[in-house]
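Take a look at the structure set out below.
All values reported here derive from a predicted model rather than from experimental measurement. As a basis for the values below, the full set of heavy atoms in this structure was taken, side chains included, without hydrogen atoms, waters or symmetry mates. Below, chains carry the letters A, B, ... as their sequence lines are ordered, and counting in each starts from 1.
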Number of protein chains: 2
Amino acid sequence: MNIGRYAAGVPLDDGASTAAPPSPGKSRSGPSMADVAALAGVSSQTVSRVSTDPDKVRPDTRRRVQAAMTELGYSPNTAARALRYGSFETIGLIAHRLARTGESRTVEAVVEAARRHGYTVSLIDVRSPSPTDVDEAVARLSHQAIDGLIIIRAETATPATLALPPRLPVVVSDSRFVGHHPAVATDQTDGTRQAVGHLLELGHRTVHHLAGPEDSAPAEQRLTAWHDHLVAAGREVPAPWRGDWSAGSGYELGRHLAEDPEVTAVFCANDEMAAGLYRALHEADLRVPEDVSVVGFDDIPLAEHLWPPLTTVAQDFHLIGQLLVDLLLEQVRDRKDLADHRTLVPVELVVRSSTAAPRLSSPRT
Amino acid sequence: MNIGRYAAGVPLDDGASTAAPPSPGKSRSGPSMADVAALAGVSSQTVSRVSTDPDKVRPDTRRRVQAAMTELGYSPNTAARALRYGSFETIGLIAHRLARTGESRTVEAVVEAARRHGYTVSLIDVRSPSPTDVDEAVARLSHQAIDGLIIIRAETATPATLALPPRLPVVVSDSRFVGHHPAVATDQTDGTRQAVGHLLELGHRTVHHLAGPEDSAPAEQRLTAWHDHLVAAGREVPAPWRGDWSAGSGYELGRHLAEDPEVTAVFCANDEMAAGLYRALHEADLRVPEDVSVVGFDDIPLAEHLWPPLTTVAQDFHLIGQLLVDLLLEQVRDRKDLADHRTLVPVELVVRSSTAAPRLSSPRT
DNA sequence: CGCGATGGTGTTTACGTAAACATCAATGCT
DNA sequence: AGCATTGATGTTTACGTAAACACCATCGCG
């Protein structure tokens, strides 16, 4: 046995350029139908029948073939099958920063929905949502064995910059692609309206915003909606604070926010940043919600268990994932052209304990 | 345009049994090399050369072929290529409850490492880590187009219950598979030892344990290590509390823990449960770490920003993912048999602010 | 100036599977 | 009994690609 504790970094070759074909090394391919057929004393077509529709062959023949399969350890060659059928039963998925928050929940839902339909999911995770990264991912994936493509967070990539292979069905979780590719997206505007409205109704004079990064479409949508809603309500619009979705950025910005006694209500573009803000407020000895009310976005599993439990806008990531798959498979299977299709998934404000009316003697002391 | 707000649940057919072959619907396959060849006035072999090694064909011929490719919107058929090469440049990945915790970080690392090597990742997410679920996933994936398989959290599946296709290289993130499949796993025992040791050194008489579910191998390893370490230190071993990894379970159990004044130190099997425990302690007006010290496991991104920042055992999920891929590709590419290989990835206790010496007048009042 | 070497291209073939068609035996019916 | 019908199995072919080989110019060299 070969036990070892791993210490240093891993050496990694960054070779294998996108276009490079597989190395010519012969495959691990095991026995083929012909081998099974020879052993069982039948034709390879009969073997084929056994593996696709066993009822088409007589029980004793079937048993003989199955025995031969087991003996040789036969399993059908997917490549050949795919070539024959022209389908891989696989869909490609481009995600961004998988490990973060809701992204992974959408992925989970996509994988699950795909599985229900008999499809597998091929995943590419891009680091940044920059057009080049997304484009590279598309290039890579579309040279892979996929029947359709789901892009989560196309972000700054525009329909024009995406060099998609012709005839490849695509679905996007980004409303800016309407007219080019079918899209399923969260109703960011409504969610923001609910969050900001909730805080204003509680009596706050205005609402500060801890925004997401500029290269994120949802972040911009939330920012715009927050701005517009305040304007519509005739409130002062404070300068937004720019985070990067991470709890760390929420904490850093929160330390500045905490110093401003005018701040009584903060709408955070996601729950992680709200958690970072919590920490900054705690460190500044400010109480939530007595001194500052906080609202998040996403409703991550931990939101309910932060202290105090976080009021937040719940997104239905699971539904989004399901709808994406449904929409994609409609195109894959039925050759439908749904380019102008768009679904807006509603959100719901979950009121917990992080919001309250401002102190009467506001601003804070 | 077709805008609609989605309300009701999605109808889902649970058809498409594992063995069912793809529907016979003809593929979306576009033009083939032959079409391009005809248009460009060359043989299909020349087209093939252009798409694999452009230098092998004269510049003007190449341009003519490339023009024809563009005009027809040609892209090479992956199935045919895979059949020819015997390789898909794809690895299968079975994960469990992707959206939860560190799992997604390992997945992220696997995807990234695979990409660096020119491989794509096919993902299956199983709901429960039960043998049947994992087995079904294996069956499903191994009928897909993959060159190798990575199983994250094989849990209660044993080498015997896994009906793996012969000749399929497999790597597991589970140390119980040593001798059957190569494994890369976190050093659970050492991590636990560090956590419990830290608390004892601070002066706590003993350490309580908020454990993970019984069907989880890592949970059991942490439980055992905690037990053994207390025994070795000559301390009383309190009954462990069984959670299910979720913050909710940590909260529920935490409410009971909070009522026991004997409890001054708790080692949680993961950070989410620690967060739930935090909430329960806060609600009970107990302070961390003054009244109760808490240690988590995983070091999720939020751990640092909980209040107070959580002392926890950091796992290097990223390294695990990389090593899994390296190990798998060694088998795939070099046909090596590494069945008895095992790598133990070290962990590190990150001391933050949730641990301190017990009050002198312990037990709590 | 003839001959081998070289580079560019076409032709043949194989990868493993499954549909389409062909064959053959057993069965049912008059 | 004779013939159509059915069911089980074998044979041929095509899916799209790329390696292996064959061919033919052109070039360099003695």
Side-chain angles (χ1 to χ4, degrees), chain A residues 19-38 40-65 68-69 72-89 143-145 165 167, chain B residues 19-38 40-65 69 72 74-89 143-145 165 167:
Chain A
S23 63
K26 218 61 193 86
S27 86
R28 62 167 177 88
S29 71
S32 69
M33 292 204 319
D35 302 318
V36 177
V42 298
S43 75
S44 64
Q45 182 55 35
T46 300
V47 178
S48 168
R49 281 190 263 261
V50 170
S51 68
T52 54
D53 189 355
D55 293 338
K56 281 191 180 164
V57 349
R58 249 194 334 215
D60 57 332
T61 315
R62 190 192 318 153
R63 269 189 295 275
R64 207 145 31 92
V65 171
M69 284 176 166
L72 294 176
Y74 168 81
S75 61
N77 180 314
T78 325
R81 239 182 215 199
L83 177 58
R84 197 82 241 293
Y85 286 127
S87 152
F88 288 94
E89 304 291 283
H143 286 137
Q144 288 299 127
R167 271 172 297 277
Chain B
S23 64
K26 217 61 193 87
S27 86
R28 63 167 177 88
S29 72
S32 70
M33 291 205 317
D35 302 317
V36 176
V42 297
S43 75
S44 63
Q45 181 55 35
T46 299
V47 178
S48 168
R49 280 191 262 260
V50 170
S51 67
T52 53
D53 188 354
D55 293 338
K56 281 193 181 163
V57 23
R58 246 192 340 213
D60 58 331
T61 316
R62 189 193 317 152
R63 269 189 297 274
R64 208 147 31 92
V65 171
M69 283 176 166
L72 295 176
Y74 168 81
S75 61
N77 180 312
T78 324
R81 248 187 207 192
L83 176 57
R84 197 82 243 293
Y85 285 128
S87 151
F88 286 95
E89 304 290 283
H143 286 136
Q144 288 299 127
R167 268 173 299 277

- Can you find a heavy atom in the side chain of B/Met69 that is under 4.5 Å from one in the side chain of B/Val47?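 Sidechains of B/Val47 and B/Met69: in contact.
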- Task: Determine whether B/Val65 and B/Val57 make a side-chain contact, defined as any pair of heavy atoms from C-beta on separated by less than 4.5 Å.
- Result: no
[X] [atom1] to [N] [atom2], straight-line distance once rounded to whole Å:
{"X": "A/Tyr74", "N": "C/dG16", "atom1": "OH", "atom2": "P", "answer": "10 Å"}
{"X": "A/Met33", "N": "D/dT9", "atom1": "CE", "atom2": "C1'", "answer": "14 Å"}
{"X": "A/Arg49", "N": "D/dG10", "atom1": "CZ", "atom2": "P", "answer": "8 Å"}
{"X": "B/Arg64", "N": "C/dG8", "atom1": "CZ", "atom2": "P", "answer": "14 Å"}
{"X": "A/Leu83", "N": "D/dA18", "atom1": "CG", "atom2": "P", "answer": "12 Å"}

With rounding to the nearest 0.5 angstrom, report the [atom1] to [atom2] distance, [X] to [Y].
{"X": "A/Arg81", "Y": "A/Ser87", "atom1": "CZ", "atom2": "OG", "answer": "11.5 Å"}
{"X": "A/Thr78", "Y": "A/Leu83", "atom1": "OG1", "atom2": "CG", "answer": "12.0 Å"}
{"X": "A/Arg49", "Y": "A/Ser44", "atom1": "CZ", "atom2": "OG", "answer": "9.5 Å"}
{"X": "B/Arg84", "Y": "B/Ser48", "atom1": "CZ", "atom2": "OG", "answer": "9.0 Å"}

N or O in side chain of [X] less than 4.0 angstrom from [N] OP1/OP2:
{"X": "A/Arg81", "N": "C/dA18", "result": "yes"}
{"X": "A/Tyr85", "N": "C/dA19", "result": "yes"}
{"X": "B/Thr46", "N": "C/dG10", "result": "yes"}

- Task: Sort out for me which residue in A/Gln45, A/Arg62, A/Met33, A/Arg64 forms a side chain to side chain contact (heavy atoms under 4.5 Å, CB included) with A/Val50.
- Result: A/Arg62
- Query: Which parts of residues 55-62 of chain A get close to DNA chain C, meaning a heavy atom less than 4.0 angstrom away?
  - Reply: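 Contacting residues: none.
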- Message: According to salt bridge (charged side-chain N to carboxylate O under 4.0 Å, His left out), does anything in residues 50-59 of chain A pair up with another residue at least two apart or in another chain? List the pairs.
- Response: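 The answer is A/Arg58-A/Asp60.
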- Task: Please determine, for the side chain of B/Asn77, which listed nucleotide (D/dT17, D/dG10, C/dA18) has the closest atom?
- Result: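 My answer, after comparing the listed nucleotides, is D/dT17.
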- Pair of N/O donor and acceptor under 3.5 Å linking D/dG16 base with A/Arg84 side chain: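 Between D/dG16 and A/Arg84, which were checked side chain against base, a qualifying N/O pair under 3.5 Å is absent.
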- Message: Quick check: closest heavy atoms across A/Ala37 and A/Ser43, and the distance to 0.1 Å?
- Response: CB-C, 3.6 Å
- Start at the 5' end of DNA chain C and walk down; is the nucleotide closest to B/Gln45 or to B/Ala80 reached first? B/Gln45
- Task: Using a 4.0 Å heavy-atom cut-off across all strands, classify B/Ser32 as base, sugar-phosphate, or nothing.
- Result: sugar-phosphate
- Report which part of the nucleic acid A/Val42 touches: base, sugar-phosphate, or nothing (heavy-atom distance under 4.0 Å, all strands).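 Touches sugar-phosphate only.
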- Whenever both distances are under 3.5 Å in a Watson-Crick or G-U wobble pair, mark it; put DNA chain D into dot-bracket that way, with [ ] for crossing pairs and | when the partner is on another strand. ||||||||||||||||||||||||||||||
